[in-house]
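All values below were derived from every heavy atom in this structure, side-chain atoms included, with hydrogens, water molecules and symmetry-related copies excluded. These numbers were taken from a predicted model, which means no experiment stands behind them. Order of the sequence lines sets the chain letters (A, B, ...), proteins ahead of strands, with each chain counted from 1.
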Amino acid sequence: MLSFNLLSTDVRGKARAGVIRTERGEIETPIFMPVGTVGTVKGVLGPVLTDDIKAQIILGNTYHLFLRPGNDVIQKAGGLHQFMNWKRPILTDSGGFQVFSLADNRKLSDEGVTFRSHIDGGKHFFSPENVVDTQRIIGSDIMMALDECPPGDADYQYAHKSLQLTQNWLKRGHAHFEKTKPLYGKHQAWFPIVQGAGYPDLRRSAAQFVTDLGAEGNAIGGLSVGEPTDLMYEMIEVTNEVLPEDKPRYLMGVGTPANILEAIDRGVDMFDCVMPTRNGRNGMLFTSEGIINIKNKKWENDYSPVDPNGTSWVDRYYSKAYLRHLFVSRELLGPQIASVHNLAFYLWLVKTAREEIIAGNFASWKSKMVQNVAQRI
RNA sequence: GGGGAGAUACCAAAGCGGUCAACUGGGGCAGACUGUAAAUCUGCUGGCGUACGCCUUCGGAGGUUCGAAUCCUUCUCUCCCCA
């Protein structure tokens with residue numbers, strides 16, 4: 001079973017500190033989950049992820065793993081944990097986000113979605129049911145429901161229709177989940193997803209629908225897909241007013257350090273985002289003092305540490321000038337160091353948020369940190 | 001000693017009478033990135049101006065022409081081949 005214990009709630013706000021227990025270990029919330037789409041957190045070795053970054057749970061992606069290496073290889077390996085030698089929990093996205101991000105290569109129907117593979121153009125059909133089956137083969141500790149993620153500027157009519165499709169899929173996915181069993185002897189949870197675009201009434205009814213499914217945790221999807229930030233915060237608030245307090249809440253795909261702090265303040269427990277790794281690979285460093293573009297000329301002769309306050313050894317071991325040199329020279333070590341740093345920073349951020357919630361100081365710490373973290377330096 | 005080729009912006013390299021402030025690469029500078037089709041993509045890169053534009057450029061000097069990076073003369077320098 002997956003359980004969630006709420007330890008502490010910030011006195012002023014809705015921020016929560018808790019513990020999720022899975023058969024592969026505990027997850028202290030709020031938590032950030034590094035994204036490892038195809039069975040690898042890009043550029044980061046497993047032991048670094050475990051010991052240095054201290055990731056408690058990582059993501060995988062059903063669509064990508066299904067295409068390559070494929071269910072067969074993963075099943076023969078004994079599941080994704082065995083395959084990549086990762087012993088802590090894994091959450092897998094269902095491919096729902098690819099319904100959105102590969103919009104040009106897919107066809108939606110009530111039954112499911114037909115994709116054209118981005119790798120070889122081949123046709124594949126995903127349904128709420130077969131996506132559960134594939135995630136059983138992957139063996140993730142938390143499986144995600146198949147959903148449709150409408151774009152941020154979806155009009156009401158589309159958002160409404162899309163939500164009905166998603167809810168139909170949630171019902172079917174949930175039923176199939178209840179009917180099937182793990183393949184490797186470890187419990188797997190299944191999280192449904194709240195959609196509803198930027199419309200409070202849709203979000204509220206979607207949250208109620210999801211709550212009624214009685215899953216072990218719930219997710220908020222369809223945010224940070226082009227809508228204004230304030231609208232995203234409003235949707236999180238509206239949704240969390242309805243979602244049950246005794247289950248973890250997962251905000252999918254978000255976001256910037258400031259986004260995460262604001263969402264924690266509105267009662268979110270779990271996050272994932274490609275930003276620390278992708279933007280890190282592209283030279284953006286997130287620090288407690290603000291955002292650095294390490295490729296900029298101004299760091300050319302700055303021999304100070306990457307981040308003097310950083311929590312990863314790379315922060316003090318390498319200088320900004322050296323890291324800039326690696327990026328400018330297109331050396332592979334540059335993106336690797338940046339990824340390790342950014343992930344360690346994200347994990348530090350949520351860990352500190354947790355401590356501040358428990359200490360009762362979250363609100364004041366947050367308002368100061370949101371400012372620091374968002375500025376460009 | 002004889003014969004030939006060439007000098008273009010930071011580098012390489014197109015252009016061979018007007019549509020050239022000059023193709024394209026590289027380099028440089030900056031930007032984007034939110035459940036990863038991304039170790040990717042975009043913009044700028046003579047000066048001044050937001051912009052229409054104006055000014056100074058294609059080895060040096062002179063010339064032809066309404067008009068030259070492009071044609072002619074000459075100087076300087078580089079490279080290749082044969083002895």
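When heavy atoms are screened at a 4.0 angstrom cut-off, A:I119 is found touching no nucleic acid atom at all. Contacts of A:N105 with the nucleic acid, taken as non-hydrogen atoms under 4.0 Å apart, include base atoms. In this structure, A:G334 reaches neither bases nor backbone, as no heavy-atom distance under 4.0 Å exists between it and the strands shown. Residue A:T277 is in base contact, counting any heavy-atom pair closer than 4.0 Å across all strands shown. At a threshold of 4.0 angstrom between heavy atoms, the contacts of A:E227 with the nucleic acid are absent. A:N279 comes within 4.0 angstrom of a nucleotide base, judged by non-hydrogen atoms across all strands.
Comparing the P positions of B:rC66 and B:rA61 gives an interatomic distance of 23 Å, to the nearest angstrom. On the P atoms, B:rA14 is 14 Å away from B:rC23, given to the nearest whole Å. The gap from the C1' atom of B:rC20 to that of B:rG46 amounts to 14 Å, rounded to the nearest Å. Taking atom C1' in both B:rU78 and B:rG62, the straight-line distance is 23 Å, to the nearest Å. If you take atom C1' in B:rU36 and the same atom in B:rU45, they sit 32 Å apart, rounded to whole Å. With C1' as the reference atom, B:rU70 and B:rG17 are 6 Å apart, rounded to whole Å. Distance noted for atom P between B:rG43 and B:rC75: 48 Å (whole Å). Comparing B:rC10 with B:rU57, their C1' atoms sit 15 Å apart, to the nearest whole Å.
Between A:F115 and A:F126, the ring-plane angle classifies as perpendicular under the 30° and 60° cut-offs.
Checking the phosphate oxygens (OP1, OP2) of B:rA39, no side-chain nitrogen or oxygen of A:Q336 falls inside 4.0 Å. Here A:T37 does not reach the OP1 or OP2 of B:rG35: none of its side-chain N or O atoms lies under 4.0 Å away. The phosphate of B:rU40 has neither OP1 nor OP2 within less than 4.0 Å of any side-chain N or O from A:R278.
Considering A:K186, A:R88, A:H81 in turn, A:H81 is the only one that fulfils the side chain to side chain donor-acceptor pair (under 3.5 Å) rule with A:D141. Checking each of A:I138, A:I137, A:D133 against A:L183 for a side chain to side chain contact (heavy atoms under 4.5 Å, CB included) leaves exactly one that passes, namely A:I137.
Inter-residue side-chain proximity for A:T40 and A:M84 is flagged as unmet; no heavy-atom pair is nearer than 4.5 Å.
Salt bridge A:E262/A:K366: present, at least one basic N to carboxylate O contact under 4.0 Å. Between A:K76 and A:D72 a salt bridge is recorded (basic side-chain N to carboxylate O distance below 4.0 Å).
Shown here is A:D110, whose CG atom has no more than 12 heavy atoms of other residues, nucleotides or ligands within 6.0 Å.
Toward the 5′ end of RNA chain B lies the nearest nucleotide of A:L223, the other residue of the pair A:L223 and A:G43 mapping further downstream. The residue among A:G255 and A:L102 whose nearest nucleotide of RNA chain B is located toward the 5' end is A:G255.
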How does protein contact run along nucleotides 24-31 of chain B, one letter per nucleotide 5' to 3', with B for base contact, S for sugar-phosphate only, - for none, heavy atoms under 4.0 Å?
----SSSS

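For A:N61 and B:rG35, a side-chain-to-base donor-acceptor distance below 3.5 Å is absent, hydrogens and geometry of angles not being considered.
In this structure, the CE atom of A:M284 is 8 Å from the C1' atom of B:rA32, given to the nearest Å.
In this structure, A:M284 CE and A:T287 OG1 are separated by 11.5 Å, a value rounded to the nearest 0.5 Å.
Closest to the side chain of A:S101, out of B:rA37, B:rU36, B:rG35, is B:rA37.
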